[in-house]
Amino acid sequence: VTAVEKRRWTLNDFDIGKPLGRGKFGHVYLAREKRSNHIVALKVLFKSQLKQSQVEHQLRREVEIQSHLRHPNILRLYGYFYDQKRVYLILEYAAKGELYKELQKCKYFSERRSATYVASLARALIYCHGKHVIHRDIKPENLLVGAQGELKIADFGWSVHTFNRRRTMCGTLDYLPPEMVESVEHDASVDIWSLGVLCYEFLYGVPPFEAKEHSDTYRRIVQVDLKFPPKPIISSSAKDLISQMLVKDSSQRMPLHKLLEHPWIVQNAEPSG
Ligand SMILES: O=C(O)Cn1ncc2ncnc(NCCc3cnc(NC(=O)Nc4cccc(Cl)c4)s3)c21
């Protein structure tokens with residue numbers, strides 16, 4: 001893998017395989033680096049679209065941030081290259097694809113599967129926060145699954161180093177904590193809120209503050225209008241954990257290392273995660 005990282009790459013260093021998916025800015029392809037036979041995912045971004053959406057700086061920041069992150073639950077970005085029209089991201093290939101498709105398929109996950117995912121995400125976020133990186137966009141669409149079923153946080157397109165906290169609005173509202181929705185100062189605890197939203201969605205199949213209109217979702221978030229449906233039946237210890245993460249005052253949210261000691265996680269998460 002070190003070979004993949006260092007060199008100046010061009011497209012003909014790779015055999016391009018099947019398309020893996022299509023995003024807003026371009027497609028992702030399975031690819032094999034010819035010399036090492038290393039399988040990767042190649043995300044192709046059109047410069048015109050990046051310029052049009054004024055996200056070049058975000059992409060540069062993502063590449064910079066990702067180049068320093070090494071964690072089993074964080075999808076590697078090995079490097080990038082570009083040609084006349086396109087920028088190419090050389091990414092770790094997540095063989096079992098997108099988590100949200102799996103969630104749609106089985107409607108919601110068991111408490112054991114949910115706790116295992118939440119624990120591995122907490123460990124990845126502890127690692128990121130230790131490096132002063134906040135992801136800010138933790139949601140099922142940004143989670144991929146590796147060959148052994150392990151979770152991989154992907155797409156640091158919205159991540160930032162905490163010393164230069166940003167106020168820019170990000171992706172879907174559902175995952176944003178009150179301080180980002182009210183676009184006031186925010187810190188690493190935004191990822192704790194999003195992890196709480198994610199834990200709820202793993203267990204119930206829908207995010208906690210979902211509403212038809214944007215304005216209703218906004219209101220439910222800032223009021224922390226947290227309700228637990230009668231079905232599926234979920235343990236009170238799971239609800240206790242979620243209630244300690246979805247707290248309006250960001251300084252009162254359960255710290256990630258405390259999450260790993262919570263009874264629901266200890267009793268339900270697979271050790272390896
Ligand atoms: O392809 C799929 O749909 C699913 N799939 N299936 C398997 C698989 N294995 C690896 N990667 C996949 N997808 C790419 C995941 C990403 C990681 N990092 C990213 N970064 C990014 O897009 N940055 C970015 C883009 C445009 C603007 C800006 Cl500012 C930033 S995308 C895979």
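Note: hydrogens, waters and symmetry copies are ignored here, and every other heavy atom, side chains too, is used. Every value quoted in this text rests on a predicted model; they were computed, and no experiment measured them.
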Could you check whether Trp264 and Glu111, counting side-chain N and O atoms only, form a donor-acceptor pair closer than 3.5 Å? yes
In the structure I gave you, are the side-chain heavy atoms of Asp216 and Glu213 within less than 4.5 Å of one another anywhere? yes
Closest heavy-atom contact between Thr10 and Asn12? OG1-OD1, 2.9 Å
Please tell me if the side chains of Met245 and Leu195 come closer than 4.5 Å, counting only heavy atoms from C-beta onward. yes
Non-hydrogen atoms of Ala211 and Thr217 that approach each other most closely: N-OG1, 3.5 Å
I'd like to know if the side chain of Lys248 and the backbone of Val222 have a donor-acceptor N/O pair within less than 3.5 Å. yes
Just by distance, do the side chain of Glu102 and the backbone of Tyr100 share a donor-acceptor pair under 3.5 Å? no
Test: Asp225 and Lys227 ion pair at under 4.0 Å: yes
For Asp83 and Tyr88, test the side chains for any donor-to-acceptor distance below 3.5 angstrom and give the result as yes or no. yes
Ile90 vs Leu77 side-chain heavy atoms within contact, under 4.5 Å: no
Gap between atom OG of Ser189 and atom CD1 of Ile134 - 0.5 Å precision: 8.5 Å
Starting from Val133, can I reach Tyr127 by hopping between I/L/V/M/F/W/Y residues whose side chains sit under 4.5 Å apart? yes
So Leu256 and Asp191, do their side chains get closer than 4.5 Å, heavy atoms only? no
Do you reckon Leu176 sits in the same ILVMFWY cluster as Leu226, going by side-chain contacts under 4.5 Å, direct or chained? yes
Asp15/Arg32 ion pair, N-O < 4.0 Å: yes
Ser67 (side chain) donor-acceptor with Glu64 (main chain) under 3.5 angstrom: yes
Tell me if the centroids of the rings in Tyr117 and Phe202 come within less than 6.0 Å of each other. yes
Please report the interatomic distance NZ(Lys47) to CG(Leu45), rounded to the nearest 0.5 Å. 11.0 Å
Applying the 4.5 Å side-chain criterion to the ILVMFWY set and letting contacts propagate, would Leu259 and Val266 be lumped into a single cluster? no
Return the CG to NE2 distance between Leu260 and His262, rounded to the nearest 0.5 Å. 11.5 Å
Result for side chain to side chain contact (heavy atoms under 4.5 Å, CB included) between Phe228 and one of Ile234, Ile242, Leu203 points to Ile242
Closest non-hydrogen atom pair between Leu91 and Lys43, with its separation: CD1-CB, 3.9 Å
Tell me every residue that passes side-chain contact (heavy atoms from CB on, under 4.5 Å) with Gln267, counting only those two or more places apart in sequence or in another chain. Pro263
Using only atom types and a distance under 3.5 Å, with no angle test, would you say the side chain of Asn73 pairs donor to acceptor with the backbone of Leu151? yes
Check whether Lys51 reaches the backbone of Glu56 with its side chain - one donor and one acceptor, N or O, closer than 3.5 Å. no
Using the side chain to side chain contact (heavy atoms under 4.5 Å, CB included) definition, which of the options Gln252, His257, Lys258 pairs with Met254? Lys258
Could you go through the side chain to side chain contact (heavy atoms under 4.5 Å, CB included) check for Ile16 and Leu42 one step at a time? CA-CA 8 Å; Ile16 307 299; Leu42 207 57; 3.6 Å; yes
Is there a side-chain contact between Leu125 and Ile138 (heavy atoms, below 4.5 Å)? yes
With Arg113 as the cation and Phe109 as the aromatic partner, state whether NZ or CZ is under 6.0 Å from the six-membered ring centre and within 45° of the axis. yes
So, Phe14 versus Phe81, ring centres under 6.0 angstrom or not? yes
Provide the closest heavy-atom pair for Glu92 versus Ile74 in the form atom of the first, atom of the second, distance. OE1-O, 3.7 Å
If you measure from CD on Glu210 to OH on Tyr204, what distance do you get to the nearest 0.5 Å? 14.5 Å
Side-chain heavy atoms of Thr116 within contact of Glu270, under 4.5 Å: yes
Show your reasoning for whether side chain to side chain contact (heavy atoms under 4.5 Å, CB included) applies to Leu69 and His71. CA-CA 6 Å; Leu69 299 180; His71 189 278; over 6 Å; no
Does one side chain, of Tyr218 or Arg220, offer a donor that lies under 3.5 Å from an acceptor on the other? no
Which distance, rounded to the nearest 0.5 Å, do you find between the NE2 of His129 and the NZ of Lys131? 13.5 Å
Between Ser53 (side chain only) and Val55 (backbone N and O only), is there a donor and an acceptor less than 3.5 Å apart? no
The remaining residues in the hydrophobic cluster of Leu20, counting side-chain heavy-atom contacts under 4.5 Å among Ile, Leu, Val, Met, Phe, Trp and Tyr, are Val28, Leu30, Ile39, Tyr93
Answer whether the closest heavy-atom distance between the side chains of Arg123 and Pro72 falls below 4.5 Å. no
Is the ring centre of Tyr200 less than 6.0 Å from the ring centre of Trp193? no
When hydrophobic residues are tied together by side-chain contacts of less than 4.5 Å, even through go-betweens, does Ile192 share a cluster with Val224? yes
Can you check side chain to side chain contact (heavy atoms under 4.5 Å, CB included) on Arg253 and Leu246, steps first, answer last? CA-CA 7 Å; Arg253 285 173 203 155; Leu246 300 181; over 6 Å; no
With rounding to the nearest 0.5 Å, note down the distance linking CD1 in Ile221 to CZ in Phe209. 6.5 Å
Does the pair Ile265 and Val118 meet the rule for a side chain to side chain contact (heavy atoms under 4.5 Å, CB included), with working shown? CA-CA 8 Å; Ile265 295 288; Val118 168; 3.9 Å; yes
If we count only N and O atoms by modelled type, under 3.5 Å, do the side chains of Gln244 and Asp240 hold a donor and an acceptor together? yes
In terms of heavy-atom contacts, Ala269 and Ala115 come closest through CB-O, 3.6 Å
Cluster check Phe46, Tyr82: I/L/V/M/F/W/Y, side chain < 4.5 angstrom: no
Measure the shortest side-chain to side-chain distance between Val40 and Glu33 over non-hydrogen atoms and say whether it is less than 4.5 angstrom. no
Do NZ/NE/NH1/NH2 and the carboxylate oxygens of Lys101 and Glu141 come within less than 4.0 Å? no
Taking everything shown except Glu261 itself, do over 12 heavy atoms lie less than 6.0 Å from its CD? yes
Closest non-hydrogen atoms of Leu99 and Pro140, given as atom of the first, atom of the second and distance, are CB-O, 4.3 Å
